[in-house]
Amino acid sequence: MMSRLLAILGCLLLAGASPASESAPQDKVALISDIVHEPTQPKPNIPVLIKARIAPGATKVVLKLQAVAPGKYIAKSDPAYEKEWLEFPMHDDGQDGDAKAGDGIYSVRIPASYQKHRWLLRYRILVTSKEGKTVQEPLAAEASPNYAWWCDAGPATWKGTRDPGKTPVLTFSSQFLGTLQSIQLIAKAEEVAKSQWDGGAHKQKQQGTIIYKGVVYDHIRYSNRGQGSAHISGKNKWSLKFNPDEEIPFVDHNGVPFAESCASLNLNPGGCTPYLPVHRGIAGLDEVLSFRAYRLAGVPSPPATWIQWRVITQPDEVSARDQYQGDLWGLYVAIGEMTPKQLSDTKLPNGLTFSTQSGIKHTPKGMADADKLWEKFVNTMRSNPKESWWRENLDLKAFFSFHAMNRLLGNVDLRPDGNHGYYRHPDGHWAPIPWDLDMMFVPRHHQPGVIDAVACLNHPKIALEYRNRAREILDLFASDYSPKGGQIGQLTIDLGKVLTPPGFNVDWPRLDEAVWNQNPHMNQKGSYYLNPTNAEHFGGAWKRTLATNDFAGFQKYIVEFCTDSRPTKNYAPNDGDQRGYGWGYLNFEAKEDKIPATARVERLPGNSPKFKATSFESSAGDKSAALEWRVGRVGKKGWYELGDHWRKETGAGLEVEVPTEIFKESGVYRVRARWRDQTGRCGHWSNPLEITTK
């Protein structure tokens, strides 16, 4: 939309010039510019003032207004779109909201009677010259040939229950609904139904309007998305595609902006894949936490967050008679795209990204051989290449973290031909990208659980390096299940707070349960918070049990799945026991009998941050190669020890001095050390020595 504010350059000048020719000046002033409406996010019964700068020579300036009532959406492709416009003359006379007469800024005040809750108001400006030539802004040929505002009084209180007529009705107040950001879709009821529940319309684009943070994104395209599960569940996946140059500046649940505006968004139902009903009620924590964990481990990963999804297809926002009628569709997970800027907290170089299921997702400017690069890489991966090839072409550090997290988080739907992608660094190294994380924390095999790149582990030296990284992830992320000791515990609690805002006797998981547990469109009704309940996967049957039959029970389930929580240490891959399964699987792959002994760390006296580790020991009789040191940060939002804060490697010396600026921010820091022997094996990281800075 910003490009339109530059308006029409070099054509149909109001002073009477003919359309621009090759001899016309290239610096013509825009005819219509600086278009604004105030207030930018109108409330009901408040007049709206629209202003625009008009070049000299206009004889008539008109604003056309289209008022779209809820339940009566008008798409750009509808005949009614060009017919149903009201005209309001704009003026430059210093009257009725116009600031100053004759200053070239024309104004019009739209009466308060047009400002109604949940109404979409579109407008465009037409300017006529004395020669009778008319120019419209925006141009009719633009993807969105109008401006718009959305009139909103805020969400109405909603009431619902998991089993109508059987369980108590819960009240979700307007104040509660304001605790989570919303995305609103305005569309036709029949097209929404077709998109979501008609398998014959899979991925067919429908037209609608998105409202986000009060801003209108008009004439966008939406569709159902997914593969095998696309139309099975009832609460299905959505794809939102925005118009060129109108990307959405999206933020996460903490208000942190995505690294770049989104040309599209993917909405997942949150723990409701039809193949994993045992996790129904987990409220998308499995997906949001998993994407974040991969990212913390250094794996290029799309951002993921929660949103409140509202779909406006009916006149009434809520229904007193039917809790399933109205705008509220409940809790969804919003996921970014596989573009380099979105894949990391730190900016990645502009490289190629590729989805194993849908092909190229991003091509760097000037790259003409993207498909050939991908085909060469994947075909060579499958041809048993030498160790040197893997080191030259695969980002081994990212792959190690990816593969280890797959085991720890129980990513059982992963397979060579799906549910992941790759990012190609400009230096030629490819790194895996996790995707489709709605089938996690499962203690049984299902799909292979690996990707083609796992073949690199056939080389002993590379496999040794993987085991080092696997032990490191266990030490730094899954060390224990206490909220502060184990980082998986802290991450689970931090994310869970988003869905359980303080001061309310309801939460977002219970709202989602009320919206969908017995929803007429749900194919697996009554599946929320069943406890215990059974599942069946390709690896066999298993039973899922929650300590408490609520969202807190799922939080505990995740933490215990990823930590050494099993009373009897009989871990084995595919054993079907949820207790510590992810920890046990990764520990199985990380096991190394001949690693150096675990060091102990102490702080040396004095004002400087100096530390000392115990001497190298090896039961295998190997010699030391280096002492590694690291400092991690914990205990604050966004601080997790798995993400490197500072690292240094020393030789045989036992002491290290950490630069004082490493501890400059207030918070808790963990200092650790580990030995590496001459074979390349690393010991476990020492227990942390904590430094608190105030």
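Heavy-atom basis, side chains included; hydrogens, waters and symmetry copies ignored. None of these values were measured; they are calculated from a predicted model.
Under the 3.5 Å distance criterion, the side-chain polar atoms of Asn254 are left unmatched by any main-chain donor or acceptor of Val256. Looking only at distances, a side-chain donor or acceptor of Ser319 sits under 3.5 Å from a matching main-chain atom of Arg321. Listed for the Asn236 side chain is a donor-acceptor partner under 3.5 Å among the backbone atoms of Gln196. Although no hydrogens or angles enter the test, the distance criterion places no donor-acceptor pair under 3.5 Å between the side chain of Ser261 and the main chain of Glu247. Using modelled atom types, no side-chain atom of Gln342 and backbone atom of Phe258 make a donor-acceptor pair closer than 3.5 Å. The main-chain N or O of Thr157 is found under 3.5 Å from a side-chain atom of Ser174 such that the two form a donor-acceptor pair. Under the 3.5 Å distance criterion, the side-chain polar atoms of Ser239 are left unmatched by any main-chain donor or acceptor of Ser223. One N or O on the side chain of Asn519 and one on the backbone of Val515 form a donor-acceptor pair closer than 3.5 Å. A donor-acceptor pair is defined here as one N or O able to donate and one able to accept, closer than 3.5 Å; such a pair exists between the side chain of Trp306 and the backbone of Ala283. Judged by distance alone, the side chain of Gln323 and the main-chain N or O of Thr161 form a donor-acceptor pair under 3.5 Å.
With respect to the salt-bridge test (charged N to carboxylate O, under 4.0 angstrom), the residues Arg295 and Asp345 qualify. By the 4.0 Å N-to-carboxylate-O rule, Glu513 lies close enough to Arg510 to be salt-bridged with it. A salt bridge links Lys188 and Asp78; the closest N-O separation between the charged side-chain nitrogens and carboxylate oxygens is under 4.0 Å. The residues Asp507 and Lys497 are annotated as not salt-bridged, no charged nitrogen and carboxylate oxygen being separated by less than 4.0 angstrom. Ion pairing of Asp438 with Lys237 is present here, as a side-chain N (NZ or NE/NH1/NH2) and a carboxylate O approach within less than 4.0 Å. Salt bridge annotation for Arg124-Glu137: absent, with no cationic side-chain nitrogen under 4.0 angstrom from a carboxylate oxygen.
With contacts defined as side-chain heavy-atom distances shorter than 4.5 Å, the pair Asp371/Asp369 does not qualify. Residues Val127 and Leu31 fail the side-chain proximity criterion, which asks for heavy atoms closer than 4.5 Å. The closest side-chain heavy-atom distance from Val288 to Thr305 is not below 4.5 Å. Residues Asn45 and Gln115 are not in side-chain contact: their nearest non-hydrogen atoms beyond the backbone lie 4.5 Å or more apart. Contact of the Ile105 side chain with the Asp34 side chain is not registered, since no non-hydrogen atoms from C-beta on lie closer than 4.5 Å. Taking 4.5 Å as the limit, every side-chain heavy atom of Lys361 sits out of range of all side-chain heavy atoms of Tyr423. Taking the side chain as every heavy atom from C-beta outward, Gln308 and Ile183 never approach each other to under 4.5 Å. The side-chain heavy atoms of Ile248 and Lys213, taken from C-beta on, include no pair separated by under 4.5 Å.
Counting heavy atoms of neighbouring residues, nucleotides and ligands inside a 6.0 Å radius, atom NZ of Lys76 exceeds 12 of them. More than 12 heavy atoms of other residues, nucleotides or ligands sit less than 6.0 Å from atom NZ of Lys43.
Just one residue in the list His425, Lys341, Lys365, His362 forms a side-chain hydrogen bond (donor to acceptor under 3.5 Å, both in side chains) with Asn350, and that residue is His362.
Between atom CG of residue Asp92 and atom OH of residue Tyr106 there is a gap of 5.0 Å, rounded to the nearest 0.5 Å. Here the CD atom belonging to Gln181 is positioned 7.5 Å from the CD1 atom belonging to Ile307, to the nearest 0.5 angstrom. Of the inter-residue distances, the one linking Glu337 atom CD with Ser355 atom OG reads 9.5 Å to the nearest 0.5 angstrom. Note that the CG atom of Asn517 and the NZ atom of Lys235 stand 11.5 Å from one another [nearest 0.5 Å]. Remark: Trp329 CH2 to Gln184 CD distance equals 14.0 Å, nearest 0.5 Å. Atom OG1 of Thr313 and atom CG of Leu185 lie 9.0 Å apart (nearest 0.5 Å).
Glu287 and Asn268 form a side-chain donor-acceptor contact under 3.5 Å, judged by distance and modelled atom types alone. Looking at Asp218 and Ser144, their side chains never bring a donor and an acceptor atom within 3.5 Å of each other. Side chains of Tyr73 and Thr209: a donor on one and an acceptor on the other come within 3.5 Å.
Between Trp197 and His231, the ring centre distance reaches or exceeds 6.0 Å. A ring-centre distance under 6.0 Å is found for His420 and Tyr422. Aromatic ring centres of Phe250 and Tyr212 lie closer together than 6.0 Å.
Ring orientation note: the planes of Trp149 and Tyr123 are tilted relative to one another, at an angle of 30° to 60°. The aromatic rings of Phe172 and Phe176 are tilted relative to each other, their planes meeting at an angle between 30° and 60°. Between Phe88 and Tyr114, the angle of the ring planes goes over 60°, which puts this pair in the perpendicular group of the 30/60° scheme.
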Inset, instruction - Before giving the answer on side-chain hydrogen bond (donor to acceptor under 3.5 Å, both in side chains), spell out for Asp512 and Tyr332 the whole-Å C-alpha distance, their side-chain angles and the decisive distance to 0.1 Å. - result: CA-CA 9 Å; Asp512 195 57; Tyr332 280 73; over 6 Å; no
Inset, instruction - For His91 and Asp93, run side-chain hydrogen bond (donor to acceptor under 3.5 Å, both in side chains): C-alpha distance rounded to whole Å, both residues' side-chain angles, the deciding distance at 0.1 Å, then the answer. - result: CA-CA 6 Å; His91 51 92; Asp93 55 6; 2.7 Å; yes
Inset, instruction - Could you walk me through whether Ser173 and Trp158 pass side-chain hydrogen bond (donor to acceptor under 3.5 Å, both in side chains), step by step? - result: CA-CA 6 Å; Ser173 66; Trp158 185 83; over 6 Å; no
Inset, instruction - Could you go through the ring-ring contact (aromatic ring centres under 6.0 Å, His included) check for His521 and Tyr324 one step at a time? - result: CA-CA 10 Å; His521 292 294; Tyr324 305 114; 9.3 Å; no
Legend entry - side-chain contact (heavy atoms from CB on, under 4.5 Å) evaluation trace for Phe242 with Ile210: CA-CA 9 Å; Phe242 301 97; Ile210 287 292; 4.1 Å; yes
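The two residues Ser301 and Tyr294 make their nearest non-hydrogen contact at OG-CB, 3.3 Å. When every heavy atom of Ile335 is checked against every heavy atom of Pro302, the shortest pair comes out as CG2-CB, 4.1 Å. What you find for Pro145 and Glu142 is that their closest heavy atoms are CD-O, 3.5 Å. Residues Pro89 and Val108 approach most closely at O-CG2, 3.5 Å, considering heavy atoms.
Remark: Arg225 fails to qualify as a cation-pi partner of Trp238 under the 6.0 Å distance and 45° angle criteria applied to the six-membered ring.
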